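See below for the structure under consideration.
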Amino acid sequence: MNYSPIKILTLTAFGFFASATAQTNDVTTPLHAMQPDYITPYAVPDKSNIEAVLNRVYNFLEENTASKVLRASDNLEVKDFRKAQGRLVFSPGSFRLTSYEWGVTYAGMLLAAEATGKKEYADYANKRIKLIADLAENFKSENVSDSPIRTVLQPHALDDAGALCAAFIKAKKAGLNANVDPVINNFIKYISEKEHRLKDGTLARNRPQNNTLWLDDMFMSVPALAQMGSYTGDKKYFDDAVKQVNQFSERMFNSQKGIYMHGWVESMQMHPEFHWARANGWAVMTMIELLEVLPKDHPGYPQVLAQLQKHITGLMQYQDGTGFWHQLLDRNDTYLETSATAIYTYSIARAINRGYVDKLAYAPAVLLAWNAVASKVNEKGQVEGTCVGTGMAFDPAFYYYRPINLYAAHGYGPVLLAGAEILTLLKNNQFEMNDSSIQLQIKG
């Protein structure tokens with residue numbers, strides 16, 4: 001077939017015009033409205049989806065944590081602890097009912113019950129707290145070593161006492177019908193009178209070096225002291241709680257970066273700074289828990305509030321574009337860690353809900369953080385991406401290569417707390433997609 005030069009020119013021009021109009025360019029397409037390739041879902045969380053995540057976690061934990069006590073010799077259930085003889089054990093489960101991580105989980109279950117109105121969350125915590133209290137009430141002094149609650153009866157570290165003590169008091173204040181006071185008093189006696197302290201009264205450990213401050217210990221002590229002050233009305237507990245926050249912060253808070261180092265050793269001339277994410281989580285959650293019950297007329301209230309605000313400002317600078325935070329906050333080549341992200345989500349959302357920080361500034365980033373956390377709860381209700389239990393080191397490799405594990409107990413309580421607090425945030429505020437970004441709606 002023969003084409004004239006005019007026809008060929010016309011077809012060529014038409015093809016060029018069709019190609020130009022098919023292009024995605026600034027003339028043909030509103031480029032600002034294109035959908036980015038987000039790694040973490042970028043949207044206002046749906047309340048029903050949050051509740052679904054919480055429900056999956058609940059179901060997994062209900063099926064995989066003990067709720068009975070057995071006689072070790074024959075695995076028969078023991079119901080009357082007054083008559084129990086020989087070594088007792090909890091029924092099989094994947095998590096320890098008396099660990100500090102499970103103190104956080106009990107608190108998370110109680111808050112989830114409050115946020116959702118679903119009684120089964122509180123029942124999970126109350127059933128196990130009552131079991132521990134009943135065991136403690138009926139133990140025989142000669143067989144402490146045979147008890148599954150040895151660390152409750154005879155705490156040897158703040159890890160054994162603080163988080164559980166705070167959770168027990170919260171459960172009691174919420175209406176738990178159990179004789180928990182002897183356990184609470186035993187815990188608080190250990191924190192107040194038996195744990196090692198520096199000369200100025202700062203709670204310390206003699207590991208890995210003598211007179212070492214662990215940032216974790218703010219959480220392993222202060223929320224229990226604060227709850228005890230609220231429970232008893234005795235101001236001395238509030239005073240000690242405020243002192244701990246202030247004295248830990250004086251030594252361990254980097255005011256330029258707005259975050260804490262993990263460990264501080266009294267005998268060191270220099271103090272290497274490794275800004276471990278979960279330890280910073282324990283610190284920010286400590287201040288949230290303290291302000292929750294600290295009387296506003298307490299002389300330490302303004303200082304604790306100011307320190308919380310400085311810490312949250314610092315933390316927000318290190319949030320990754322995925323919504324997560326890194327294992328070492330200021331080292332972006334360390335992995336993205338779930339438990340710390342969940343703790344920050346809870347703490348900053350609660351700070352917003354309580355009016356401690358600017359919700360207009362921080363709420364969108366907190367919603368992104370929740371979306372990140374939710375992406376790590378699998379269909380079985382297991383929390384992925386959580387760093388295992390971590391000691392203290394003064395070299396980077398230790399933190400870079402800490403393993404992650406589905407059964408790292410540190411992830412579960414924070415996820416429950418975070419989801420519950422985000423539900424409250426969404427109930428009290430309206431959000432919208434405005435020019436492709438998440439924005440808080442402001443009336444008027």
Side-chain angles (χ1 to χ4, degrees), residues 39-41 43 45-68 90-129 131 163 167 171 278 281 285 322-325 335-346 349 366-389 403-426:
I39 295 174
T40 298
D46 182 80
K47 295 176 187 175
S48 62
N49 290 340
I50 297 173
E51 292 199 27
V53 170
L54 295 178
N55 193 53
R56 291 205 303 276
V57 173
Y58 164 81
N59 286 332
F60 173 71
L61 296 183
E62 179 64 25
E63 293 172 6
N64 288 277
T65 43
S67 60
K68 300 176 182 178
F90 286 120
S91 55
S94 301
F95 303 96
R96 294 179 294 123
L97 298 188
T98 58
S99 69
Y100 70 85
E101 302 97 324
W102 237 240
V104 181
T105 300
Y106 297 141
M109 288 288 185
L110 293 171
L111 190 64
E114 181 182 326
T116 65
K118 294 181 178 178
K119 183 173 176 289
E120 59 261 33
Y121 293 109
D123 288 344
Y124 174 95
N126 290 336
K127 177 166 57 177
R128 290 161 177 83
I129 290 172
L131 186 66
R278 190 160 65 225
M285 187 153 66
T322 59
F324 290 96
W325 277 263
Y335 60 83
L336 301 170
E337 205 279 330
T338 303
S339 67
T341 301
I343 296 172
Y344 300 158
T345 304
Y346 160 70
V366 171
L367 296 184
L368 174 63
W370 167 254
N371 288 343
V373 170
S375 74
K376 289 297 185 178
V377 179
N378 66 29
E379 289 304 310
K380 294 180 180 179
Q382 298 166 313
V383 177
E384 301 173 346
T386 296
C387 176
V388 299
I404 61 173
N405 194 283
L406 286 172
Y407 293 95
H410 313 73
Y412 291 88
V415 168
L416 291 166
L417 288 166
E421 202 61 35
I422 291 293
L423 280 175
T424 301
L425 179 64
L426 292 174

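Start at 1 with the first residue, then count along the sequence. Just so you know, these numbers use all the heavy atoms, side chains as well, and skip hydrogens, waters and symmetry mates. Predicted model only: the values in this text are computed from it and were never measured.
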Evaluate the criterion side chain to side chain contact (heavy atoms under 4.5 Å, CB included) for residue pair F95 and T105; output intermediate values, then yes/no.
CA-CA 11 Å; F95 303 96; T105 300; over 6 Å; no
Can you tell me how far the [atom1] atom of [X] sits from the [atom2] atom of [Y], to the nearest 0.5 Å?
| X | Y | atom1 | atom2 | result |
| --- | --- | --- | --- | --- |
| D46 | E51 | CG | CD | 9.5 Å |
| D123 | M109 | CG | CE | 10.5 Å |
| S48 | N55 | OG | CG | 12.0 Å |
| E337 | W325 | CD | CH2 | 12.0 Å |
| L111 | Y346 | CG | OH | 6.0 Å |

L54 vs L423, test: side chain to side chain contact (heavy atoms under 4.5 Å, CB included). Steps then yes/no.
CA-CA 11 Å; L54 295 178; L423 280 175; 4.0 Å; yes
Can you tell me how the ring of W102 sits relative to the ring of Y412, calling it parallel under 30°, perpendicular over 60° and tilted otherwise?
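Rings of W102 and Y412: tilted, 30 to 60°.
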So Y58 and Y121, would you call those rings parallel, tilted or perpendicular, with 30° and 60° as cut-offs?
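It falls in the perpendicular class, over 60°.
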List the steps, then state whether side chain to side chain contact (heavy atoms under 4.5 Å, CB included) holds for L426 with I50.
CA-CA 11 Å; L426 292 174; I50 297 173; 3.5 Å; yes
Side chain of [X], backbone of [Y]: donor and acceptor closer than 3.5 Å?
| X | Y | answer |
| --- | --- | --- |
| N59 | G381 | no |
| T338 | G385 | yes |
| N371 | P41 | yes |
| R128 | L97 | no |

Kindly determine whether Y100 and H410 satisfy side chain to side chain contact (heavy atoms under 4.5 Å, CB included), including the steps that lead there.
CA-CA 9 Å; Y100 70 85; H410 313 73; 3.1 Å; yes
Is the Lys NZ or Arg CZ of R56 less than 6.0 Å from the centre of F60's six-membered ring, within 45° of the axis?
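Verdict for F60: no cation-pi partner in R56.
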Check the surroundings of atom CD1 in I39: do more than 12 heavy atoms from other residues, nucleotides or ligands lie under 6.0 Å from it?
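No.
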Heavy-atom closest contact ([X] atom, [Y] atom, distance):
| X | Y | answer |
| --- | --- | --- |
| T386 | S339 | CG2-CB, 3.8 Å |
| A369 | T345 | CB-OG1, 3.3 Å |
| T40 | A372 | CG2-N, 3.5 Å |
| A409 | E101 | CB-CB, 3.7 Å |
| A171 | I129 | CB-CD1, 3.7 Å |
| F90 | A66 | CB-CB, 3.7 Å |

Measure the shortest side-chain to side-chain distance between [X] and [Y] over non-hydrogen atoms and say whether it is less than 4.5 angstrom.
| X | Y | result |
| --- | --- | --- |
| V57 | L416 | yes |
| I343 | V104 | no |
| L110 | N126 | yes |

For W370, give me all partners under ring-ring contact (aromatic ring centres under 6.0 Å, His included), at least two apart in sequence or on another chain.
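If we apply the ring-ring contact (aromatic ring centres under 6.0 Å, His included) test to W370, skipping adjacent residues, there are no hits.
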Which residue pairs satisfy the salt bridge (Lys or Arg N to Asp or Glu O under 4.0 Å) criterion with at least one member in residues 374-385, sequence neighbours excluded?
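Output for this query is empty, none listed.
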Go through the structure and list residues passing side chain to side chain contact (heavy atoms under 4.5 Å, CB included) with K127, not counting sequence neighbours.
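Partners of K127 by the side chain to side chain contact (heavy atoms under 4.5 Å, CB included) criterion, ordered by chain and then number, come out as E62, S67.
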